Protein chains: 2
Amino acid sequence: MPRRTKEEAEQTRLALIKSALQLFSEKGVAHTTLMDISKAAGVTKGAFYWHFKNKLEVLEAITQEYALPLDEAAQQKLETMTPSTANLIEAITFYFETLEQSEALIAFQEVILFKCEYTDEFSALLKRDKDDLEKAREIFSAFITDMDESQWQGPRPDAAHIEALSQTLLNALVGGLFQWLTTRQGILSQTVTQAVRIILRGGGLKVDG
Amino acid sequence: MPRRTKEEAEQTRLALIKSALQLFSEKGVAHTTLMDISKAAGVTKGAFYWHFKNKLEVLEAITQEYALPLDEAAQQKLETMTPSTANLIEAITFYFETLEQSEALIAFQEVILFKCEYTDEFSALLKRDKDDLEKAREIFSAFITDMDESQWQGPRPDAAHIEALSQTLLNALVGGLFQWLTTRQGILSQTVTQAVRIILRGGGLKVDG
DNA sequence: ATTTACATACGTTCAGGTATGTATATAATC
DNA sequence: GATTATATACATACCTGAACGTATGTAAAT
């Protein structure tokens, strides 16, 4: 059936994105064919090639549709909060609570970490992921730097220490997500929060509990 | 040229493994063809199929050849050391120093983390990786548990806390490796060691420096 | 003599891409 | 407001290369 209305076209676009994410997480990006995606979305390859140029474009669309909103929400949360350890922990907890409650977000992270080969054109995707992490680290650093003197156990440390601290924090988050996605044991937001407490305390900040 | 001697056959086997690792890290596992590997090793597909059943078997051979020795060395190091924070840090530093000095080990980790889709038969590989990490965590836990009272800042914590601590430690290591492999910035063993210090201190252990 | 350690050749499947068909929504024109 | 024109949103069919696997050949080691 040719020539749907604009809204119907957007529907099929979203259906393609959704099916792609589902199939990517099941079969991997490289082993998912464009016809697999099209079929699962109830259309043909013609529809796919109308909306997207290739697999990479779908993955980018998936990112825009599913991952970006949470990233931006968490970022804005941190930017509006008053800098404190409690608020830092809360923002991180918010991120992982939202993540673990969304099948789509879980599937997305699975694809990014386990079902995608970062080579050729896809290496750009890894680079962007790298930039995102670097940005997150900078936000952590700024947030910690802006904290009041009262948040620290001892005297305020230098910038290098805060950078090392925020980097360690970020690495533990990535590693924690990695570990949870493979084992699915425990509650992601809780284990991560626990790790954050340990690290912030080890970095010289006051942490209650 | 048919029918080489046993040693020559082992040579081509190792050449295939080496070429496979190289190509996997460049082009990704899925996008590397068996003829690519064979050609790079200076043989034909016939030689490949004589030594291996499929791609998965090569990857397993690569693991045996390159990754296992370091894992076992680090593990044995921990088992023979007297439990202390300094020795824990030293064992971890040893692991990552060895890693960052070997192109092959770096390539292997790159393949495992970024150039491999864990689906179908390859999901078994991810499961084994999971088991390895779980084993590492247990070793960390045991090592920390066996530590002398003098190693702690305060009273000795309960088992649950030590488990959370070792898990956080492991997650930070994985995340740190992840981060270093993407950015290649700084010296892996140093940044990781720094992270370990922060975490152990946050976990309640005495850390010098 | 037989097995080994490959080389060569082939068949089959299958994925990506393209070219083209087509019915309808939408815009343009009168 | 009716007609026409055009762009849209796909469906269908085909073409191409290529990768996997397999079957078979073969010369030397054992």
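Chain identifiers are assigned alphabetically (A, B, ...) following the order of the sequence lines, protein sequences preceding nucleic acid strands; residue numbering begins at 1 within each chain. Because only heavy atoms are used, hydrogens play no part in the values below, and waters and symmetry mates are left out as well, while side chains stay in. Everything numeric here is computed off the predicted structure, so don't read it as measured data.
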From [options], pick the nucleotide closest to the side chain of [X]?
{"X": "A:Lys6", "options": "C:dG16, C:dT26, C:dA5", "result": "C:dT26"}
{"X": "B:Trp50", "options": "C:dC6, D:dC10, D:dT30", "result": "C:dC6"}
{"X": "A:Thr44", "options": "D:dT12, D:dA9, C:dA7", "result": "D:dT12"}
{"X": "A:Thr33", "options": "D:dC10, C:dG16, C:dA5", "result": "C:dG16"}
{"X": "A:Leu34", "options": "C:dG16, D:dT30, C:dA5", "result": "C:dG16"}

Just how far, in rounded Å, is [atom2] of [N] from [atom1] of [X]?
{"X": "B:Asp120", "N": "D:dC20", "atom1": "CG", "atom2": "C1'", "answer": "15 Å"}
{"X": "B:Phe52", "N": "D:dA19", "atom1": "CZ", "atom2": "P", "answer": "19 Å"}
{"X": "B:Met35", "N": "D:dC20", "atom1": "CE", "atom2": "P", "answer": "9 Å"}
{"X": "A:His51", "N": "C:dG17", "atom1": "NE2", "atom2": "P", "answer": "17 Å"}
{"X": "A:Glu121", "N": "C:dG16", "atom1": "CD", "atom2": "P", "answer": "12 Å"}
{"X": "A:Lys45", "N": "C:dG17", "atom1": "NZ", "atom2": "C1'", "answer": "7 Å"}
{"X": "A:Asn54", "N": "C:dA15", "atom1": "CG", "atom2": "P", "answer": "17 Å"}
{"X": "B:Ile37", "N": "D:dA19", "atom1": "CD1", "atom2": "P", "answer": "12 Å"}

Any side-chain N or O of B:Tyr49 below 4.0 angstrom from OP1/OP2 of D:dG21?
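So the side chain of B:Tyr49 is within the cut-off, an N or O lying under 4.0 Å from OP1 or OP2 of D:dG21.
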Does OP1 or OP2 of D:dC20 have a side-chain N or O of B:Lys55 closer than 4.0 Å?
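Yes.
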Below 4.5 Å, heavy atoms only, C-beta onward: do A:Leu21 and A:Val58 meet side chain to side chain?
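No; the side chains remain at least 4.5 Å from each other.
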Measure from the ring center of B:Phe24 to the ring center of B:Phe108 and say whether it is less than 6.0 Å.
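So the answer is no for these two rings.
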